[in-house]
Amino acid sequence: MNNQQVAEIFDRMGDMLEIKGESIYRVLAYRKAAESIRSFGLAIQQVWENGQLRQIPGVGEAIESKIDELLKTGKLGYYEKLKAEIPESLVEVLRVGDVGPKKALRFWRELGITSVEGLEAAARAGRLRDLPGMGTRSEAKILENIEALKKRQTDRILLGIAWPVARGLLERLREITWVTAAEAVGSLRRWRETVGDVDLLVASHKPRDVMSAFVRFPEIARVLGQGDTKGSVELANGLRVQLWVHPPERLGTALQYATGSQAHNVRLRELAQDQGFSLSEHGFKRADGKEILCSEETKVYDTLGLPWIPPELREDRGEIQEARAGRLPNLVRLEDLVGELHAHTNWSDGRHTLEDMARAALASGLRYLVITDHSRSLGVANGLSIERLREQSKVIDEVQRSVKGIRLLRGAEVEILADGRLDYPDEVLAELDLVCASLHTSLRQPREKVTARLLGAIENPHVDMIGHPTGRLVGSRDAADLDIDPILQAAAERGVALEVNASPDRLDLSDVHARRARDLGCLIAINTDAHRPEHFDLRIYGVGVARRAWLGPDQVVNTWPVDHLLAWLRGRGGGG
DNA sequence: GCCGTTTTCGGCCCGACTGTTTTCAGTCG
């Protein structure tokens with residue numbers, strides 16, 4: 001059982017306990033444990049085998065023994081007991097907007113509803129309106145929310161889809177006369193790999209006017225709520241957008257609040273309490289009612305005696321303790337990246353010529369580019385035979401003569417074959433400046449086998465980098481079943497760089513794995529895996545992952561000047 | 001259920017918005 005699966009069970013138990021009316025703190029404890037397990041850098045199985053479950057934040061005596069039972073027997077008596085009390089399908093009803101634990105319980109107890117389908121039928125039959133606290137309006141709203149739920153394919157959308165939407169809306173919000181600032185907040189600003197909705201914050205003294213202008217934007221299909229400081233809408237494509245409006249003199253606290261994460265905010269508010277304040281999106285307040293306003297976010301942290309914490313770190317993963325101790329990491333920035341180590345051309349499955357890609361990389365500010373087309377066995381991607389690879393090498397030299405200002409290097413994205421061999425013999429790999437080894441096929445092999453393939457590639461002295469190490473696609477394909485920690489350790493020992501693939505549907509390594517890689521001292525490369533010129537712009541997403549992983553520029557090889565990079569590669573036995 | 005340079009017990013963030021209500025419960029973030 002992996003971390004995600006264990007976390008899922010604790011989340012479900014949390015939902016069931018909440019429906020049952022258990023203490024909210026007990027419910028929150030289950031959810032905190034679930035989130036912690038999900039974002040823990042080590043495989044839960046391994047942590048369990050080492051008897052270190054209590055090292056996971058939020059896991060105490062009771063939850064430890066539940067995890068133990070679950071991993072030992074594959075079952076959990078307490079979970080089974082809950083399922084006997086509360087229909088498990090009832091938790092699905094919680095996904096409908098405006099339906100929380102209280103209503104879910106009532107629907108089940110009084111109307112026998114145990115599923116979203118059942119809820120829909122009851123609403124259509126007009127059976128919800130007569131329940132206490134309900135009426136025709138709430139009944140109609142629930143029907144609308146069920147429709148919206150069906151239209152939404154998944155609960156969370158890719159960051160790479162949400163950002164362009166957010167940028168478009170922000171641009172239009174800034175055009176509104178009374179708006180003095182507009183920013184993306186929430187998980188977007190924290191660069192989480194997926195977002196549940198798009199959160200936006202604007203500064204203005206005319207909140208009502210701003211709000212009514214906003215809800216009239218043409219792409220808005222439905223207004224879910226509209227108040228003075230907060231409005232919530234749904235776009236035609238089902239994406240939900242939330243807008244907060246606060247006066248400029250309170251923008252700092254509002255920005256801090258709306259950026260989250262919720263767990264981070266709770267920690268800050270606890271700190272505020274310790275210092276005799278109450279902290280909210282509006283400002284700091286003393287018991288005597290006296291307020292401290294913050295127009296800047298830095299002042300919020302300063303008031304709490306902390307340095308400003310970058311949004312990407314605000315997940316309650318130790319950032320507050322480190323900030324307190326003055327040990328916040330110096331995070332890598334987009335402008336630190338000077339090279340791209342993974343790019344394709346029309347020699348394999350790219351769409352553009354080598355020269356086009358070189359010029360595009362130069363135009364996007366890069367100083368070096370490694371051409372890494374696919375190797376021979378990847379037929380669907382028009383992988384290069386050894387002859388074509390050598391031919392390409394000459395073309396790289398030619399293009400280098402005509403394109404100045406960017407250093408072109410010879411590389412390849414070499415298949416790690418199903419039996420663990422690499423797709424080119426060592427003497428061919430030795431001719432290249434950089435070898436990126438990647439898995440594209442046989443990702444569903446058993447754990448030992450697929451782990452051994454990666455370990456084997458790392459052990460090969462010609463391999464400099466592992467491309468998209470786990471093979472996952474965000475939200476659509478699970479990672480290969482890997483024993484990730486030994487892989488990270490081997491890469492750290494051998495000085496092989498691990499890729500953070502910046503393509504929004506990969507983001508592989510993930511933030512959690514990259515954080516573990518960072519802690520183990522692995523070298524990291526932030527690459528776009530560009531197949532088209534515009535893909536070089538995607539590196540901002542890889543930077544987001546790296547920052548969430550607490551990575552600084554020194555550990556990221558493509559922040560190094562080309563001479564430094566070449567020295568590293570030569571030291572590894574590359575051609576150079 | 002978890003957790004502690006004030007605590008091993010008694011705390012556990014704070015507010016907006018909606019709908020159904022005459023003061024609030026439920027939901028959401």
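Proteins come first, then strands; the chains are lettered A, B, ... in the order of their sequence lines, and each starts at number 1.
By the 30° and 60° cut-offs, the orientation of the rings of H264(A) relative to Y301(A) is tilted. Taking the six-membered ring where the residue is Trp, F10(A) and Y30(A) present tilted rings, their angle falling between 30° and 60°.
Although no hydrogens or angles enter the test, the distance criterion places a donor-acceptor pair under 3.5 Å between the side chain of N265(A) and the main chain of Y257(A). The backbone N or O of E64(A) sits nowhere less than 3.5 Å from a side-chain atom of R54(A) that would complete a donor-acceptor pair.
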- line: Given protein heavy atoms under 4.0 Å, the one-letter contact record of nucleotides 2-7 of chain B, with B base, S sugar-phosphate only and - none, is simply SS----
task: Encode nucleotides 10-17 of chain B as B, S and - characters from 5' to 3', where the letter depends on protein heavy atoms closer than 4.0 Å: B to the base, S only to sugar-phosphate, - to neither.
output: --BBBSSS
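Using a 4.0 Å cut-off between charged side-chain N and carboxylate O, R192(A) and E315(A) make no salt bridge.
The CD1-P distance, from I19(A) to dT27(B), rounds to 10 Å in whole Å. Across the protein-nucleic acid pair, R192(A) atom CZ and dG29(B) atom C1' stand 13 Å apart, rounded to whole Å.
Judged by Watson-Crick or G-U wobble contacts below 3.5 Å, the nucleotide dT8(B) has no partner.
Residue T136(A) is classed as a sugar-phosphate contact, given heavy-atom separations below 4.0 Å to backbone atoms only. As judged by a 4.0 angstrom heavy-atom cut-off over every strand, V27(A) is placed among residues making no nucleic acid contact.
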